[in-house]
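In this text the structure is predicted, and so the values were computed from the model without any measurement.
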Amino acid sequence: YWGSGLISPIKDENGKITHFLAVQEDITEKKISEERAQYLASYDELTGLFNRAHFIGLLNEWISHDKNRNQMGVLLLINIDRFRLINDTYGHGVGDILLHHIAGFLRNTISEINKQYANKEVKETILSRMGGDEFVIFLPSRSEKEGMAVAECIRKKLEDYKFIEITGRLTATIGIV
């Protein structure tokens, strides 16, 4: 329960405070709306991952912070193959559930991969949904070879990923920079 209150003194004819008048308003809904707006400014509602705008901000921050230190980084752009066909065949509800599951799959896969770098000085991986069926992963302080290995790991694991609501295998196209 969130409340906004105003307390005013009540004075008698001599100017002495005799009472206080309190007015309180329930602002719970307003607070919930503000928190929701704040969340949606940085996160994708469907997947819970960073949204495009927040990702770009984090990437720009990394570039401007590390540009003088000659740091490397790898960017993976992941596009789920035949996603439009899945949406058309099974419906947008199933497509949304699939995107939510893929976000969890990517989050878990990245977590497993990051464990390999636990003792190294590597900044945290950034995972985001760019929109539609596009996801992006930024691997700071990683080489081209490491980026290729991560992309191949994701590709293989995604092909083995079973999503009960659809038949066939999921595949992805992954661009690497």
Side-chain angles (χ1 to χ4, degrees), residues 38-177:
Q38 223 172 12
Y39 176 82
L40 292 175
S42 296
Y43 293 91
D44 175 61
E45 185 174 22
L46 181 63
T47 63
L49 299 176
F50 290 135
N51 63 23
R52 175 192 297 258
H54 192 70
F55 173 80
I56 291 170
L58 291 172
L59 187 60
N60 284 334
E61 185 180 307
W62 182 84
I63 290 169
S64 65
H65 181 264
D66 289 343
K67 69 181 172 187
N68 296 327
R69 297 186 346 197
N70 200 23
Q71 291 285 320
M72 294 187 66
V74 179
L75 188 72
L76 306 176
L77 182 61
I78 303 167
N79 186 34
I80 306 304
D81 295 335
R82 300 178 341 268
F83 184 73
R84 175 177 274 163
L85 179 62
I86 292 168
N87 256 347
D88 291 346
T89 305
Y90 299 99
H92 292 280
V94 170
D96 287 351
I97 294 169
L98 176 62
L99 290 174
H100 181 78
H101 283 278
I102 289 172
F105 158 82
L106 289 172
R107 195 179 289 119
N108 292 338
T109 302
I110 291 301
S111 178
E112 289 173 22
I113 291 167
N114 282 341
K115 287 178 185 175
Q116 300 171 14
Y117 296 91
N119 297 329
K120 297 180 183 178
E121 195 151 320
V122 173
K123 291 187 178 178
E124 189 172 332
T125 299
I126 304 170
L127 171 60
S128 173
R129 178 173 176 227
M130 297 303 277
D133 63 335
E134 290 183 344
F135 297 86
V136 66
I137 300 170
F138 180 63
L139 305 162
S141 307
R142 311 282 173 83
S143 68
E144 178 183 342
K145 184 179 177 181
E146 291 168 313
M148 291 291 287
V150 169
E152 185 60 16
C153 176
I154 290 170
R155 187 193 64 76
K156 283 182 180 178
K157 284 185 170 206
L158 187 61
E159 283 184 3
D160 293 337
Y161 185 76
K162 301 294 183 219
F163 186 65
I164 296 170
E165 282 83 352
I166 64 170
T167 58
R169 288 186 158 177
L170 287 174
T171 59
T173 303
I174 304 175
I176 305 171
V177 176

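- The CD1 atom of Ile154 sits 6.5 Å away from atom OG1 of Thr109, with the distance rounded to the nearest 0.5 Å.
- Although no hydrogens or angles enter the test, the distance criterion places a donor-acceptor pair under 3.5 Å between the side chain of Ser128 and the main chain of Phe50.
- Ser111 meets the side-chain hydrogen bond (donor to acceptor under 3.5 Å, both in side chains) test with no other residue; sequence neighbours excluded.
- Annotation: Lys162, atom NZ; neighbour count of heavy atoms from other residues, nucleotides and ligands within 6.0 Å is above 12.
- Note that CZ of Arg129 is 10.0 Å distant from CD1 of Ile102, once rounded to the nearest 0.5 Å.
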Ile166 vs Thr89, side chain to side chain contact (heavy atoms under 4.5 Å, CB included): CA-CA, chis, key distance, verdict: CA-CA 9 Å; Ile166 64 170; Thr89 305; over 6 Å; no
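- Taking CD1 from Ile137 and CD1 from Ile174, the interatomic distance works out to 7.5 Å, rounded to the nearest 0.5 Å.
- Scanning both residues, Val74 and Arg142, for their nearest heavy atoms gives CG2-O, 3.4 Å.
- Remark: Asp133 pairs with Asn79, Ile80, Phe83, Leu99 by the side chain to side chain contact (heavy atoms under 4.5 Å, CB included) rule, at least two apart or across chains.
- Legend: ring-ring contact (aromatic ring centres under 6.0 Å, His included) pairs involving residues 126-177, not counting sequence neighbours, sorted by first then second residue: Trp62-Phe138, His101-Phe163, Phe105-Tyr161.
- Rounding to the nearest 0.5 angstrom, the gap separating the CG atom in Leu170 from the CG atom in Leu158 is 5.0 Å.
- Expressed to the nearest 0.5 Å, how far NE2 of His54 lies from CG of Asp44 amounts to 12.5 Å.
- What you find for Thr47 and Ala103 is that their closest heavy atoms are CB-CB, 3.5 Å.
- Considering CE of Met148 and CD1 of Ile176, their distance stands at 4.5 Å, rounded to 0.5 Å.
- Summarising the geometry of Gly147 relative to Leu76, their closest heavy-atom pair is O-CD2, 3.9 Å, with the distance given to 0.1 Å.
- Residues satisfying the salt bridge (charged side-chain N to carboxylate O under 4.0 Å, His left out) test with Glu152, not counting sequence neighbours, are Arg155.
- For the ring pair (Phe, Tyr, Trp, His ring centres under 6.0 Å) test, residues two or more places apart in sequence or in another chain that qualify with Tyr39 are Tyr43.
- Closest non-hydrogen pair, Glu144 versus Met72, comes out as N-CE, 4.2 Å.
- The side chain to side chain contact (heavy atoms under 4.5 Å, CB included) check on Gln38 picks up nothing, with sequence neighbours excluded.
- Across Cys153 and Ile113, no two heavy atoms sit closer than the pair SG-CD1, 4.1 Å.
- The neighbour count for Glu112 CD, taken as heavy atoms of other residues, nucleotides or ligands under 6.0 Å away, is above 12.
- Of all non-hydrogen atoms in Ile78 and Ala172, the two that sit nearest each other are CG2-CB, 3.9 Å.
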